[in-house]
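Following: one structure in structure tokens, then a few remarks.
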Amino acid sequence: MASNKSPNTPAPNDSSDSGIEGIRAARLQKAEDLKQAGQQPYAYSWDITHPIADLQAKFADLEAGAEEDFNVSIAGRIMARRVFGKLAFFTVQDETGTIQLYLEKKTIQAEMGEADAQAFNHLKQLTDAGDIIGAQGTIKRTDKGELSVKVKQYAMLTKSLLPLPDKFHGLTDVAKRYRQRYVDLIVNPEVRDTFRKRAKITAAIRRHLDELGYIEVETPVLQSEPGGAEARPFVTYHNTLDMELYLRIATELHLKRMVVGGFEKVFELGRVFRNEGISTRHNPEFTTIEMYQAYSDYQDMMALTESMIEQIAEEVTGSNTVTYQGEEISFAQPWKRVTMHDAVKEKTGIDFGEFSDLAAAKEAAKGAGVGDVDSCESIGHVLNEAFEQKVEETLIQPTFITDYPVEISPLSKPHRSKPGLVERFELFMVGRETANGFSELTDPVDQRDRLELQAAKKEAGDLEACSVDEDFINALE
RNA sequence: GGGUCGCUAGCUCAGUGGUAGAGCAUUCGGCUUUUAACCGACUGGUCCUGGGUUCGAAUCCCAGGCGACCCA
């Protein structure tokens with residue numbers, strides 16, 4: 001028999017009745033049997049009286065063995081089945097939590113027997129872990145202390161065709177967790193909490209900035225000239241214009257155009273795209289927030305950053321202290337501020353402010369165990385290497401690093417009192433950079449010079465360097 | 001891009017040259033207090049791919065693919 005093979009639809013295998021295809025075929029048959037029994041395997045609706053977490057809270061004090069003649073109707077996914085001859089226990093999970101179904105043949109047959117003389121047997125034979133089921137009944141805490149719905153009536157809401165991952169080990173394959181997020185969300189409840197917290201954080205950011213008089217904007221994602229960061233862009237193509245376009249690598253340059261246009265406080269919370277390495281820490285598409293405020297310098301932006309993050313932490317977690325991967329992080333203001341030169345000096349003993357000779361700076365850096373300095377083209381770059389290799393991972397508590405070398409900061413204003421430096425900060429916590437801010441460069445002549453330096457690097461083959469965005473210079477002018 | 005490790009049943013994993021394995025899941029039977037239910041029976045495999053060594057390869061060698069972690 002000829003068959004078209006494809007990875008998604010493996011050819012049926014006659015001898016396989018417990019492989020994945022066998023399971024799927026068996027479950028399709030169960031869906032068919034449900035229809036024969038007068039049940040719809042994919043229901044249109046089911047009335048719910050309570051989220052499961054509400055029931056767990058409401059009856060937290062109910063004693064083991066006690067019953068409550070309180071009618072409830074719930075719905076959720078069957079996560080585990082424990083079936084006996086005339087009694088069964090299902091663990092059911094909805095968005096809010098889990099509860100046990102107490103499924104007694106006697107009760108179910110009395111309530112449903114008229115519609116389906118085999119209602120209990122069908123429950124045993126035609127349901128599987130993974131199915132979404134609706135259940136209506138009363139509240140009972142079993143002798144063993146598990147809060148349960150003593151079911152009078154049930155209905156299949158969605159028959160699943162594929163098995164859930166191992167009930168004990170769960171889904172541990174990181175790649176599969178990320179590529180099949182829906183499975184991850186089903187079997188790893190803590191992942192749902194992460195999603196909820198994230199939604200609370202973005203809502204709190206918007207509320208906070210709205211109260212400060214910011215307006216939220218959406219700037220172009222498709223750009224003819226990507227800029228605002230050093231990164232390789234994704235390239236796409238516009239048919240009608242017959243030209244290549246790039247997905248943005250940052251929102252910066254268009255937000256600054258908004259400021260030029262007269263909006264004094266703007267922000268954008270949105271996706272940017274960088275065509276680079278991929279790992280569990282680096283996604284090619286990720287979300288950033290950029291905020292711009294006219295007439296303000298980097299000190300103002302640091303103050304805004306620390307107060308906003310402390311308040312959000314309190315709103316989302318109820319505390320300004322959070323534990324992240326075993327580290328206790330305190331967001332209590334004020335956060336530590338230290339210049340890049342001082343931070344490097346503290347860890348390496350080297351004061352890069354004393355060097356005027358590049359070669360001498362490289363020697364000193366090597367002496368302190370800093371690698372990869374041979375290709376550095378300025379003392380500022382050597383300083384940056386030393387910082388990244390020796391300091392960054394030690395910054396666990398929120399810390400602002402300030403006053404960066406001009407060579408690595410093409411968009412910042414020169415420092416008002418320190419030559420060769422710019423008014424820039426980066427925020428570090430748990431050893432990673434989490435924010436970056438400047439007194440924004442507003443001098444169009446200086447800006448052109450710095451972008452042309454970048455363009456020269458691009459000409460020389462640096463795939464992360466950007467070109468001169470003439471329209472942006474025009475806006476500044 | 002470099003290094004290390006991995007890829008065996010739906011899931012989690014054993015198996016270092018001699019008949020392809022376990023637990024869970026699935027299927028069948030039993031069971032009214034389980035919660036990783038239990039008891040009994042069955043089923044399920046391109047051992048990532050290709051080549052090589054060997055009487056014989058999941059196992060050793062070479063090349064490639066995919067993935068994880070670390071580094072850049």
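In this text, all values refer to a predicted model and were calculated from it rather than measured experimentally. A note on names: the letters A, B, ... follow the listed sequences, proteins ahead of strands, and every chain is numbered from 1.
Within 6.0 Å of CG on Asp357(A) lie more than 12 heavy atoms contributed by other residues, nucleotides or ligands. Heavy-atom neighbours of Arg232(A) CZ from other residues, nucleotides or ligands within 6.0 Å: at or below the threshold of 12.
When each of Arg77(A), Arg82(A), Glu146(A), Gln100(A) is checked for a side-chain hydrogen bond (donor to acceptor under 3.5 Å, both in side chains) with Thr91(A), only Arg82(A) meets the rule.
Base engagement by Thr142(A) is indicated by at least one non-hydrogen atom pair under 4.0 Å involving a base atom. Contacts of Lys140(A) with the nucleic acid, taken as non-hydrogen atoms under 4.0 Å apart, include base atoms.
Scanning all heavy atoms of the two residues, the minimum distance from Ala135(A) to Trp46(A) falls at N-CZ2, 3.3 Å.
For an aromatic pair to be called close, the ring centres must be under 6.0 Å apart, and Phe70(A) with His50(A) satisfies this. A distance below 6.0 Å separates the ring centres of Phe89(A) and Tyr102(A).
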For nucleotides 1-3 of chain B, tabulate all protein N/O to nucleotide N/O atom pairs closer than 3.5 Å, reporting atom names and distance.
none

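Rounded to a whole Å, the CZ atom of Phe89(A) is 4 Å from the C1' atom of U33(B). Atom C1' of nucleotide A25(B) and atom NZ of Lys30(A) are separated by 11 Å, given to the nearest angstrom. A straight line from CD of Gln29(A) to P of U27(B) spans 12 Å, rounded to a whole angstrom. Rounded to an integer number of Å, the gap from Glu67(A) CD to U33(B) C1' is 12 Å. Met79(A) has its CE atom 19 Å from the P atom of C24(B), to the nearest Å.
Map Ala129(A) and Gln100(A) each onto its nearest nucleotide of RNA chain B; the residue landing nearer the 5' end is Ala129(A). Comparing Gln389(A) and Glu104(A), the nucleotide of RNA chain B nearest to each residue sits closer to the 5' end for Glu104(A).
Non-hydrogen atoms lying under 4.0 Å from RNA chain B are contributed by nothing in residues 109-121 of chain A.
Taking the charged nitrogens against the carboxylate oxygens, Asp128(A) and Arg81(A) have no contact shorter than 4.0 Å, which rules out a salt bridge. The pair Glu268(A)-Arg248(A) counts as a salt bridge, with a side-chain nitrogen and a carboxylate oxygen less than 4.0 angstrom apart.
Partner assigned to C55(B) is G18(B), using Watson-Crick or G-U wobble distances below 3.5 angstrom.
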Side-chain donor-acceptor pairs under 3.5 Å in residues 343-351 of chain A, sequence neighbours left out?
from      : atom 1 : to        : atom 2 : distance (Å)
Thr348(A) : OG1    : Val344(A) : O      : 2.7
Thr348(A) : OG1    : Ile350(A) : N      : 3.1
Asp351(A) : OD1    : Gly353(A) : N      : 2.9

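Between U32(B), U27(B), U33(B), one nucleotide has an atom nearer to the side chain of Asp143(A) than all others, and that is U33(B).
Only the P atoms considered, A36(B) is 26 Å distant from G29(B), to the nearest whole Å. For the P atoms, the distance linking G23(B) with G44(B) amounts to 16 Å, nearest Å.
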